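Read through the structure below, which is laid out as structure tokens, and then see the notes.
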Amino acid sequence: MGILNVTPDSFSDGGFFVDLGDAKEQAERMVSDGASIIDIGGESTRPGAEDVSESMELDRILPIIEVLKEVTDLPISIDTSKIAVMQEAVSAGATMINDVLALQEPGAIELVSSLQVPVCLMHMQGRPRSMQEAPVYDDVNAAVLTFLGSRAEKCIEAGISREMIIVDPGFGFGKAYQHNVELLANLRQLKELGFPMMVGLSRKSILGEITGRDIFNRLSGSIAAAVIAALSGAAIIRAHDVKETVDALEVTRTVMEAET
Ligand code: PT1
């Protein structure tokens with residue numbers, strides 16, 4: 001899954017992609033580099049990010065969806081927690097919903113049930129603005145597993161079909177350094193839920209903490225994290241550097257398939 005950010009305060013692209021021409025170019029590159037899904041977010045959810053209004057989010061993403069449809073037939077995922085944005089984006093041609101709030105907004109489950117599109121349910125402790133202040137867990141793996149299991153169950157009860165559900169542990173979302181490391185080390189446990197897993201670690205601060213690198217120098221760390229996630233059973237890797245990530249995952253896949 002290639003990340004196309006359209007927020008001017010986007011955490012690593014620094015607002016380079018608010019321009020439609022740039023968004024188109026970036027999308028074309030991700031397509032030719034081998035992305036399978038394009039993820040668009042109109043609201044930054046990185047640590048410390050402020051809320052964005054519904055109308056601003058729509059103004060940002062609807063034109064991008066139009067442009068993307070000209071460029072590719074790949075699935076378009078919309079990274080949002082707002083039901084109006086989910087609805088409008090799917091009407092405009094988005095085919096997947098990526099919700100860092102795991103459909104906890106009132107009406108979100110019912111809407112997605114009626115839209116019949118795949119949905120990624122992500123775990124977060126707290127909310128983006130303050131989630132990194134003092135995250136606390138008794139057992140981070142158990143907390144994530146329990147939360148995602150119960151959200152998935154609620155979705156299924158509301159009529160979302162089991163095949164439409166993807167789960168994501170939410171690296172960096174209300175997790176301290178040790179929580180992120182423990183989660184990645186035990187990612188296989190999440191497979192027990194029986195849903196495809198999505199993982200986003202691309203350029204995140206945990207990689208900076210491990211390597212001492214700033215955000216522009218985390219490619220190797222991001223690739224290592226993507227490979228570990230794939231070896232642990234992740235089905236979807238959310239990444240900025242599509243070409244490099246696809247190559248690394250092709251090697252990983254080839255070796256995994258050769259295991260006897
Ligand atoms: C993610 C994800 C996402 N990450 C899904 N959606 C972001 N499903 C946005 C840091 O610590 O992992 N899964 N949408 C980006 N969020 C962050 C969080 C960016 C933490 C950076 C950090 O640096």
Side-chain angles (χ1 to χ4, degrees), residues 1-7 9-14 17 37-52 57 60-61 75-82 85-86 89 94 96-104 108 112 117-133 135 144 147-148 151-152 165-181 183-184 187 190 195-219 221-222 225-226 228-229 234-241 245:
M1 171 184 278
I3 304 166
L4 186 70
N5 266 318
V6 292
T7 54
D9 64 338
S10 158
F11 98 99
S12 63
D13 295 320
F17 301 115
I37 305 170
I38 309 288
D39 189 47
I40 321 171
E43 174 188 41
S44 175
T45 49
R46 74 186 155 85
E50 297 290 337
D51 290 345
V52 164
E57 211 178 314
R60 285 177 184 169
I61 59 143
I76 299 171
S77 156
I78 177 80
D79 187 345
T80 192
S81 297
K82 297 190 181 75
V85 177
M86 294 174 184
M96 172 174 168
I97 289 164
N98 172 23
D99 184 3
V100 299
L101 282 185
L103 305 183
Q104 289 180 98
V112 171
V117 292
V119 61
C120 179
L121 306 172
M122 200 197 76
H123 174 273
M124 160 160 48
Q125 183 180 96
R127 289 294 176 266
R129 194 139 57 102
S130 57
M131 65 189 176
Q132 289 308 107
E133 281 167 17
V144 168
F147 173 81
L148 291 175
R151 293 309 298 163
I165 298 173
I166 298 156
V167 295
D168 183 331
F171 286 100
F173 285 88
K175 281 136 193 140
Y177 173 79
Q178 196 55 38
H179 301 137
N180 287 308
V181 174
L183 260 181
L184 184 54
L187 197 61
L190 244 199
F195 302 102
M197 259 187 332
M198 174 154 132
V199 167
L201 276 158
S202 185
R203 300 183 185 171
K204 284 189 179 174
S205 53
I206 176 197
L207 306 174
E209 289 170 85
I210 294 172
T211 62
R213 306 285 184 197
D214 66 27
I215 197 152
F216 301 106
N217 291 285
R218 295 181 189 165
L219 177 57
S222 299
I228 294 166
I236 302 174
I237 304 295
R238 188 176 178 275
H240 298 89
D241 303 288
T245 308

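Start at 1 and go down the list; that is how both ligands and their atoms are numbered. Just so you know, residue 1 is the first one in the sequence shown, and it goes up from there. All values reported here derive from a predicted model rather than from experimental measurement.
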Answer yes or no: is there a side-chain heavy-atom contact under 4.5 Å between [X] and [Y]?
{"X": "Met96", "Y": "Ile166", "answer": "yes"}
{"X": "Gln104", "Y": "Arg151", "answer": "yes"}
{"X": "His179", "Y": "Gln125", "answer": "no"}

Using a strict cut-off of 4.0 Å, indicate which atoms of ligand 1 neighbour a heavy atom of [X].
{"X": "Asn98", "value": "5 (C), 6 (N), 8 (N)"}
{"X": "Gly200", "value": "12 (O)"}
{"X": "Ser205", "value": "10 (C), 11 (O), 23 (O)"}

Tell me whether Arg203 is salt-bridged to Asp241, with the criterion being a basic N under 4.0 Å from an acidic carboxylate O. yes

Is it the side chain, the backbone, both or neither of Asp79 that has a heavy atom closer than 4.0 Å to ligand 1?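 Side chain only.
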
Salt bridge (charged side-chain N to carboxylate O under 4.0 Å, His left out) with Arg129: which residues, sequence neighbours excluded?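 Salt bridge (charged side-chain N to carboxylate O under 4.0 Å, His left out) check on Arg129 returns Glu50.
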
Option whose closest heavy atom lies nearest to atom 12 (O) of ligand 1, chosen from Lys204, Gln132, Met198: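 Checking each option, the heavy atom nearest atom 12 (O) of ligand 1 is found in Lys204.
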
For Asn98, enumerate each residue passing the side chain to side chain contact (heavy atoms under 4.5 Å, CB included) test, keeping only those at least two apart in sequence or located in another chain.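 Testing Asn98 for side chain to side chain contact (heavy atoms under 4.5 Å, CB included), a comparison that skips the adjacent residues, returns Asp39, Ser77, Asp79, Cys120, Met198, Arg238.
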
So is there a nitrogen or oxygen of Arg218 less than 3.5 Å from a nitrogen or oxygen in ligand 1? no

Whether Gly170 lies under 4.0 Å from ligand 1, heavy atom: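 It does not; every heavy atom stays at 4.0 Å or beyond.
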
